[in-house]
Amino acid sequence: MATPYNHRAIEQKWRKKWEENPINVNDGTKEKYYCLDMFPYPSGNGLHVGHWRGYVISDVWSRYKLMHGYYVIHPMGWDAFGLPAENYAIKMGTHPAKTTAENIKNIKRQIQEIASIYDWDMEVNTTDPGFYKWTQWIFVQMFKKGLAYEKEMPINWCPSCKTGLANEEVVNGKCERCGADVTKKNLKQWMLKITAYADRLLADLDKLDWPEKVKKMQTDWIGKSYGAEVDFKVDGKEDVITVYTTRPDTLYGATFMVLAPEHAMAKDLATDDTRAAVEDYIYKASLKSSVDRLQDKEKTGVFTGSYAINPLNGAKVPIWLSDYVLADYGTGAIMCVPAHDDRDFEFAKKFDLPIIQVISKDGKEIENMTEAYTDAAGTMINSGEWNGMESAVLKLEAPAIIEKKGFGKKTTNYKLRDWVFSRQRYWGEPIPIVHCPDCGNVPLPEEQLPLLLPDVDSYQPTGTGESPLADITDWVNTTCPVCGKPAKRETNTMPQWAGSSWYFLRYVDNKNDKELVSREKADKYLPVDMYIGGVEHAVLHLLYSRFYTKFLCDIGVIDFDEPFTKLFNQGMVTGKNGIKMSKSMGNVVSPDDLVRDYGCDSLRMYELFVGPPELDSEWDDRGIDGVYRFITRFWNMVMDNTDKNVEETKELVKIRHKLVYDITSRLESFSLNTVVSGFMEYNNKLIDMSKKGGVDKATLETFVQLLAPFAPHISEELWEELGHKESVFHCGWPAYDEKAIEDDEIEIAVQLNGKTRATVTLAKDVAKEDAIARGKEALGDKLQGNVIREIYVPGKIINIVAK
RNA sequence: GCCCGCGUGGCGGAACUGGCAGACGCGCAGGACUUAAAAUCCUGUGGUGGCGACAUCGUACCGGUUCGAUUCCGGUCGCGGGCACCA
């Protein structure tokens, strides 16, 4: 009797061997392949089976590349600054530095259970001063280039987290982190000018091998639109109000104008009669939170008492104020064409303003308009010299016409806003700026970096808009690096995204204390070839990283401007009924027990078997039995045949080549769940062959090689059992022969009027007439009436149409 | 409201460029082994009708294109995601 499968003994044995003799080494001759996981933040809850899945996917891919002879860069690190870590520490009543270190230790142990080929020499930790020195250094470089600037403005404020937030962190008016309603707060903030890169961030999406969904989300987030700015003179004054419109073709239909209440000219437009009402409206609008403004869809507004002149036809149009116009988009003022814009239509109806149609629908004006006609499809009417033109054509030509006439210009706009970069929290990188009364904002010189985060007892957020660091007077009070006079440090910290925006560059040179990364290593090992992680970072981390990479490319630190060549988003693993795994729901499945009971190899394969890797899956423990059975049956099958010296047969050779073909093509297309089912299918076939006479050694070896990236321990063990001294990971990836997988005979279906009624086995290159004849023969009595059509698609189908 | 994606047995899912729908696995039922249980092995498993080979319906729903549609097109319903007064 052969040795029974014992996962514990085998996995322990190979873990030790790999530690002594690493299988993924850089000998300087191999081509690199950089396969990266989105690094985790060290949460106190540890890993659940959902985290595991992403790491298994990346490890399978890494080992697959390793077997193709690459030197695989597959590192892991810790995104340890930021709110989750700090909130956890506050809850536990412990210093975040301490809880973070403990959590890392636990999660690292759990990650090591996966048996990924992580190179722990490359490990990075964003809270390590040797790391955040460079996070601060990048900020200083951005400051020097004018891309980091300070500005006082109303920003998104989370009253629960007690900090400002970036636009990207506000989801449906709520805090991305804690779900509390976000309000507005006027704060002096550090901003990063990501908008300077808007065009490149948009255009370069084309060169990325990313899921279309993510590209689209970024495209929409950047939100580029094309249109024109048009100057309207204020009637009776010298003032000019510029509006932005994407529909300059409808200029003749502009019957009023609306300014955001925050518009610089809003107050000046009031007349003696309207002043009180205007000032009241402006005041009330300033009190509205972003949530109110988002939810109050009912239009409000006030007439200023002033009029503007439509530059095209000289028409006098009333100027209103309304908070449906955003102050920080376009020019903060719009021309209103109620006939062809939903919002303007609603406003015009409410305040009884005139509506002029300038685009005909189906050749005529709409009678008794009940909603705006917003399509740019129709012929221009009521539009002077533009009458008769197609609106779709005019829409494109109008900006140039306006520019030529001298009352406006062609322009573009973006929804993307600059990045609010200050956080009023303790657990983050201090912003390396000194406020000097004489010199203004002065960045710390490089030799003073890192600016260490001071160790304090009280790190609770204050809620006042000031960072807890502001209380540490002997840290705050410093001298100006330029003039040496007393000055104060900036007390805000950076957001969690600061470290994660560039960490992938650091892995390959993580001990360098002279540079962020040496140019030599960057050129050799970067960028990332394959990036694997959840889709939740589509417009956060993934957008910020692209921005940072472009900036670092511009200042010559690196020579590429896109960080992640290929991106794969794995689906989320949820509990029953698609409920997200969380401690509060009590539905968290820990991998620890499963590894103990079934082994790492089984859990790895089951993580993949639950469903397509890109889709969400509901976790069900019971299914792992099926994978465990497969592994045991495979083990027994190989053991039964190892010493039999079975001669290879034509049938076995064909199975072998088909196996290689099926597994490789499924793996290449990332259909990892069907790779696992493929293994099961072929294993069943080989068990069958085993009963009939046995399985040859070459087939066993091939199977073991293919299985290795998925179940590395058992594969190494069986590879050794089959007589090999070298690791299976150094023995290449099996190839298949096209000719060997071709069938001489094929079984195809015979249809009668499109419904399958029989099957026939035909020679591969059978002539059409013969195939049809065989098909008719197989149908026999069922074939009745006149045959009106005969279809034969080689290798696919025979269909006889009879009446 | 606008823009994407999805809808297949009791369950997870498979079906490459239109070609035998339900691979593989879970669960369930029956059987073998066992004093018994577990483990293992074998058989069956979309619905309806029939002892049966077979017939018939069936990929959310309605319609279309086609010799042939889970796959392509139009519409309806349901679910999930993104954006949310961006002019």
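Just so it is clear: chains get the letters A, B, ... in the order the sequence lines come, proteins before strands, and each one is counted from 1.
Salt bridge present: A:R417 and A:D328 bring a charged side-chain N and a carboxylate O closer than 4.0 Å. Salt bridge annotation for A:K350-A:E298: present, with a cationic side-chain nitrogen under 4.0 angstrom from a carboxylate oxygen. Ion pairing of A:K685 with A:D688 is absent here, as no side-chain N (NZ or NE/NH1/NH2) approaches a carboxylate O to less than 4.0 Å.
Separation of the P atoms belonging to B:C67 and B:U17 is 23 Å when rounded to the nearest angstrom. Taking the C1' atoms as reference points, B:G22 lies 16 Å from B:G44, given to the whole Å. Taking atom C1' in both B:G9 and B:C57, one finds a spacing of 14 Å when rounded to whole Å. Using C1' as the reference atom, B:C77 and B:C62 are 10 Å apart when rounded to the nearest Å. To the nearest whole angstrom, the two C1' atoms, one in B:A23 and one in B:G46, are 15 Å apart. Comparing the P positions of B:G52 and B:C41 gives an interatomic distance of 29 Å, to the nearest angstrom. As rounded to the nearest Å, B:C6 and B:G10 have P atoms that lie 24 Å from one another. B:A69 and B:A15: their C1' atoms are spaced 13 Å apart (whole Å).
Regarding A:F609, its CZ atom lies at a distance of 7 Å from the P atom of B:G25, rounded to whole Å. Across the protein-nucleic acid pair, A:Q751 atom CD and B:A69 atom P stand 9 Å apart, rounded to whole Å. Taking atom CZ on A:R633 and atom C1' on B:C42, their separation rounds to 11 Å, with Å as the unit. Atom CD of A:E176 is separated from atom P of B:C83 by 11 Å (rounded to the nearest Å). Summarising the geometry, the separation between CG on A:N799 and C1' on B:G18 is reported as 13 Å, rounded to the nearest angstrom. One can place NE2 of A:H537 at 17 Å from P of B:G81, the figure rounded to the nearest angstrom. Atoms CD1 (A:I631) and P (B:U40) sit 14 Å apart, rounded to a whole Å. Atoms CG (A:L779) and P (B:C67) sit 19 Å apart, rounded to a whole Å.
At a cut-off of 3.5 angstrom, counting only N and O atoms as typed in the model, there is no donor on one side facing an acceptor on the other between the side-chain of A:K216 and the base of B:C3. For A:E346 against B:C85, no side-chain N or O and base N or O form a donor-acceptor pair under 3.5 Å.
Within the nucleic acid shown, A:S225 comes within 4.0 Å of sugar-phosphate atoms alone, with no base atom in reach, counting heavy atoms only. Counting non-hydrogen atoms under 4.0 angstrom, A:E747 reaches a base of the nucleic acid. A:T756 comes within 4.0 angstrom of sugar-phosphate atoms only, judged by non-hydrogen atoms across all strands, and of no base. Within 4.0 Å (heavy atoms only), A:T674 reaches sugar-phosphate atoms of the nucleic acid but no base atom. Contacts of A:V801 with the nucleic acid, taken as non-hydrogen atoms under 4.0 Å apart, involve only primed sugar atoms and P, OP1 or OP2. Looking at heavy-atom distances under 4.0 Å, A:D342 makes no contact with the nucleic acid at all. Counting any heavy atom pair closer than 4.0 Å across all strands shown, A:N673 reaches sugar-phosphate atoms only and no base atom.
Comparing B:C24, B:C57, B:G13 by their closest approach to the side chain of A:P612 singles out B:G13. Across B:G19, B:C24, B:C83, the shortest atom-to-atom separation from the side chain of A:V171 is found for B:C83. Of the candidates B:A55, B:G82, B:G19, B:G19 carries the atom nearest the A:I797 side chain, counting heavy atoms from C-beta on.
At distances below 3.5 Å, not a single donor-acceptor pair connects side-chain atoms of A:N786 with backbone N or O atoms of A:A802.
Checking the phosphate oxygens (OP1, OP2) of B:G68, no side-chain nitrogen or oxygen of A:R757 falls inside 4.0 Å. Contact check, A:R629 against B:C26: a side-chain N or O comes under 4.0 Å of OP1 or OP2. Between A:Y329 and B:A87, a side-chain N or O to OP1/OP2 separation shorter than 4.0 Å is present. Distances shorter than 4.0 Å separate some side-chain N or O of A:K691 from OP1 or OP2 on B:C42. A sub-4.0 Å separation between OP1 or OP2 of B:G82 and a side-chain N or O of A:K215 is absent.
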Test log, rule side-chain contact (heavy atoms from CB on, under 4.5 Å), inputs A:L251 and A:F407: CA-CA 12 Å; A:L251 188 47; A:F407 54 79; 4.1 Å; yes

Test log, rule side-chain contact (heavy atoms from CB on, under 4.5 Å), inputs A:F256 and A:F351: CA-CA 11 Å; A:F256 59 102; A:F351 295 103; over 6 Å; no

Chi angles and distances behind the side chain to side chain donor-acceptor pair (under 3.5 Å) call for A:D199, A:Y414: CA-CA 9 Å; A:D199 243 332; A:Y414 298 90; 2.9 Å; yes

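A salt bridge (Lys or Arg N to Asp or Glu O under 4.0 Å) check over residues 624-634 of chain A, counting only residues at least two apart or in different chains, returns nothing.
For RNA chain B, the stems formed by at least three consecutive Watson-Crick or G-U pairs, with both atom-pair distances below 3.5 Å, span B:1-7 with B:77-83, B:10-12 with B:24-26, B:27-32 with B:40-45, B:46-49 with B:54-57, B:60-64 with B:72-76.
Each of A:D220 and A:R789 was matched to the nucleotide of RNA chain B holding its nearest heavy atom; the match closer to the 5' end belongs to A:D220. Positionally, the nearest nucleotide of RNA chain B for A:R666 lies more toward the 5' end than for the other of A:R666 and A:D341.
For A:H340, the side-chain contact (heavy atoms from CB on, under 4.5 Å) criterion is met by A:T250, A:V337, A:Q357, A:V358, A:I359, A:Y373, not counting sequence neighbours.
Under the ring-ring contact (aromatic ring centres under 6.0 Å, His included) rule, A:Y606 has a single partner from A:W619, A:F710, A:Y628, which is A:W619.
Nucleotide B:G22 carries an anti base; the chi torsion (O4'-C1'-N9-C4 or O4'-C1'-N1-C2) is more than 90° from 0.
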